[in-house]
Amino acid sequence: MIKRIWQKGRKQKVVLIVTGFVLLLLLIIMRDDYQPALLFLRKYIFMGLLAGVVLYFGISRFRNSEKIGRRMLILGLTGLFLAAVYFVGWNMGMYSYMQKYNIFNDLNLIEINELPLTRNERIQPYNNIVTMAYESVSETQEVSPPQLVRVDNVNQWTMAVQPAKEYFWQRVNDNTEEIFSVSSTSPFPRFSGENRVGVTFSIGESLAFSRNTYNAVVQRFNPWQLLTMEPDQVFYMKNDEGKWVQVVSLIRWKGFFFPYPVFGGVMVIESGEHNFGDYLERIFLGKGTYISPKKMKNYSYLRGQNTLSEKVSRLQAQSLMFLGGFTDPLPWNMETAVKIPDLKEDQNEQPFVTDFNFDGVDKEAYEGLYHWFGLEPVGEERTSLAFSVFVPADGTDRLWYYNHAKKKEGKAGVSAMPLKVMESKKEYDWSVNAPVEFRPYIKEIAGRKRMFVLTTIAAKRDESKKFDGSATPDLALVDVEYRDVIWIDAKHPSDWDKSIYTQLNEVWRSSEKIGHYFQEENRLKDSVPELPLKELDSVVMDKRAEIKAETDSLKLSDSLPAGKQ
């Protein structure tokens, strides 16, 4: 057809050339719009080819058959096969099952025999940070999802103050002008002063068209990346030069049979003003500098940092259900089948980004941020802690796990914690309060490492779906072994371990035969001088004599008539 039009004359040739040029231009400019379709084909390429082959042979046999009965049989069998594939693959979860099995085989699993210690515990839960951030912005602004990252060697919640999605003109015209960077270890995060950082990004998560972060990153992909990668979470942090940058986590789809997601590196977008040259670059080339997982070690600000997509880490943690073999998660086995316990009240699913110190556990592990999962058996009534999983938050190709179940430690899991906290404070109105985000607290106390879960009591208004930011949060630690709840002071983290010891030391002495680890106060220390034993005895005897003389004098005084006293 095109050849016939081309041969008709000069005018038709010009029309074809212009039309082809426009189509090519649209193909380049609009690749962020059709990229999800390419990615869909990549994710389900095997299932698509299987369905295509069955349809091809089914239709061929149907056309070659002369008998109506045979044709109807072939058509019915083809439809039945496709329906069975859909039912087994999606309704029964077999596609997801095979996908997780591929992930499990791809993991670099390392079992540890000792838990790492936690440090720099965060106080406020995720949704409280969101609420407090929205209390500090204007009507036409909103904040991006907060992310826990390392800034100047301190763990901070960072989020962009950007044009609100309800105001289209601001999304088209304005930039992202400010970033909140607040301490994660403070009970009172302050959204003012030095915690409001003035920095301009012409690319943002809420901005429209080519200035949207997703669109700009997809436009930056090469043809192969368009088929295999997708942008996910956006993090704000400082680079090695001390400048604020946007770091976009990338997911790469790997494999042919049941493709699965892995960490694909990051796209780094630098700050800058919006201008015409910037506009042309975004339209045709996109924005950002791609850093592959192998090259991330060359950038110190990305090592031990939080850049891994939580979609990837959740699937990696769930894939540990295959530790007992390919058939173990099936209904008639399930010896090592586990689940991620997502509590309805939390409003923030696992993983919880936590700062760990692996000294003495594994020298290959770094000290920094990890995605922590507390896995439990799949049954609703089984709430024991089966595995503690530590996924490097910087995308390092390793996964550490500690098998509580195999060691028969009998620790309680996250699902069992809310009722224990509520039971310990019956005077609370638990209809408008809830213990949320049970994250790990592992410290060396009284001679060995002990594991607790730290929870914050979050409040919410009646008929509100979200928690409200707490100015002075109540904190509780739950001992996963002894099931006791210790209420702690959010303002004095340095006293937490002593508070734990004060409440549980007698139980530990009875159960574990431990000694004394925190020095107890001596009431006589300030009143009695430090003397040799013989001199101390004489001081005590003299003091007793003085007390006896005073007592006798008082008795004599009471026995005398009133006029002779």
Side-chain angles (χ1 to χ4, degrees), residues 24-40 42 141-145 147 149 158-165 167-179 199-239 243-253 261 263-293 295-296 299 301-302 307-309 311 395:
L24 180 63
L25 202 62
L26 289 174
L27 197 66
I28 294 173
I29 294 174
M30 300 184 67
R31 58 189 183 273
D32 57 302
D33 294 310
Y34 62 78
Q35 195 258 352
L38 297 177
L39 206 57
F40 180 85
R42 171 69 183 91
Q141 295 177 322
E142 67 178 24
V143 295
S144 63
Q147 303 290 353
V149 299
T158 63
M159 64 216 84
V161 181
Q162 56 193 12
K165 293 179 181 178
Y167 295 88
F168 180 74
W169 176 247
Q170 283 82 354
R171 293 175 57 211
V172 173
N173 185 64
D174 295 350
N175 294 314
T176 297
E177 302 284 354
E178 198 173 35
I179 290 175
V199 58
T200 300
F201 284 98
S202 62
I203 307 295
E205 296 170 75
S206 71
L207 300 183
F209 305 124
S210 63
R211 301 178 64 206
N212 182 270
T213 300
Y214 174 86
N215 294 348
V217 170
V218 171
Q219 292 285 86
R220 199 68 164 182
F221 286 161
N222 60 40
W224 178 245
Q225 289 174 332
L226 284 174
L227 285 167
T228 58
M229 286 194 177
E230 62 177 309
D232 193 39
Q233 292 172 272
V234 180
F235 305 84
Y236 294 86
M237 60 188 71
K238 288 184 180 180
N239 62 13
K243 296 179 180 179
W244 283 93
V245 293
Q246 262 185 86
V247 177
V248 184
S249 180
L250 303 178
I251 297 174
R252 180 170 68 89
W253 289 86
F263 180 60
V266 296
M267 192 74 78
V268 179
I269 300 174
E270 297 181 354
S271 58
E273 295 281 350
H274 168 64
N275 53 52
F276 183 72
D278 183 55
Y279 175 77
L280 292 178
E281 182 183 2
R282 289 197 316 270
I283 290 293
F284 293 101
L285 301 175
K287 291 288 287 186
T289 302
Y290 174 64
I291 301 176
S292 67
K295 293 184 179 180
M296 285 180 64
Y299 301 86
Y301 77 100
L302 295 177
T307 55
L308 177 66
S309 166
K311 292 180 183 177

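Residue numbers count from 1 along this sequence.
Within the model, atoms CG of Asp174 and CD of Gln141 stand 9.0 Å from one another, a figure rounded to the nearest 0.5 Å. In this structure, Asn215 CG and Asp33 CG are separated by 6.5 Å, a value rounded to the nearest 0.5 Å. Note: Arg220 CZ to Met267 CE = 7.0 Å, rounded to the nearest 0.5 Å. Here CG of Leu250 is found 11.5 Å from CG of Leu308. Values are rounded to the nearest 0.5 Å. Between the CD atom of Gln170 and the CG atom of Leu207 there is a distance of 11.0 Å, given to the nearest 0.5 Å. Taken from NZ in Lys238 to OH in Tyr301, the straight-line distance is 14.0 Å, to the nearest 0.5 Å.
Although no hydrogens or angles enter the test, the distance criterion places a donor-acceptor pair under 3.5 Å between the side chain of Ser144 and the main chain of Ala160. Under the 3.5 Å distance criterion, the side-chain polar atoms of Arg31 are matched with a main-chain donor or acceptor of Gln219. Checking side-chain atoms of Tyr214 against main-chain N and O of Asp32 turns up no donor-acceptor pair under 3.5 Å. The closest donor-acceptor contact from the side chain of Asp232 to the backbone of Ser249 lies at 3.5 Å or more, if one exists at all. In this structure, the side chain of Thr176 does not engage the main chain of Gln162 through any donor-acceptor pair within 3.5 Å.
Between Met237 and the choices Ile179, Val245, Thr158, the side chain to side chain contact (heavy atoms under 4.5 Å, CB included) rule is met once, by Val245. Checked options Ile291, Val149, Ile269, Thr307; the residue passing with Val247 is Thr307 (criterion: side chain to side chain contact (heavy atoms under 4.5 Å, CB included)).
The two residues Trp224 and Thr228 make their nearest non-hydrogen contact at O-OG1, 3.1 Å. Residue Tyr290 comes nearest to Pro293 through the heavy atom pair OH-CD, 4.0 Å, listed as atom of the first residue, atom of the second, then distance. Of all heavy-atom pairs spanning Met159 and Val143, the tightest one is CG-CB, 4.2 Å. Contact record, Val172 with Ala208: CG2-CB, 4.0 Å, taken as the closest heavy-atom pair. The nearest pair of heavy atoms linking Gln225 to Gln35 is O-NE2, 4.3 Å. Here the closest non-hydrogen pair linking Ile203 and Lys287 is CD1-CG, 4.0 Å.
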Full working for side chain to side chain donor-acceptor pair (under 3.5 Å) between Asn175 and Arg211: CA-CA 9 Å; Asn175 294 314; Arg211 301 178 64 206; 2.4 Å; yes

Trace of the side chain to side chain contact (heavy atoms under 4.5 Å, CB included) decision for Val268 with Tyr299: CA-CA 12 Å; Val268 179; Tyr299 301 86; over 6 Å; no

Verdict with reasoning, Val199 to Glu178, per side chain to side chain contact (heavy atoms under 4.5 Å, CB included): CA-CA 5 Å; Val199 58; Glu178 198 173 35; over 6 Å; no

Audit row: Gln246, Thr213, side chain to side chain donor-acceptor pair (under 3.5 Å) steps and yes/no: CA-CA 9 Å; Gln246 262 185 86; Thr213 300; 3.1 Å; yes

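Between Ile251 and Met229 there is no side-chain heavy-atom pair separated by less than 4.5 Å. You'll find the side chain of Ser271 stays beyond 4.5 Å of the side chain of Trp244, heavy atoms only. Residues Leu27 and Tyr34 meet the side-chain proximity criterion, which asks for heavy atoms closer than 4.5 Å. Contact annotation: the side chain of Ser206 approaches that of Glu142 to within less than 4.5 Å [non-hydrogen atoms, C-beta and beyond].
Checked for salt-bridge contact, Glu205 and Arg171 miss the test: no charged N lies under 4.0 Å from a carboxylate O.
No more than 12 heavy-atom neighbours from other residues, nucleotides or ligands sit within 6.0 angstrom of CD on Glu270.
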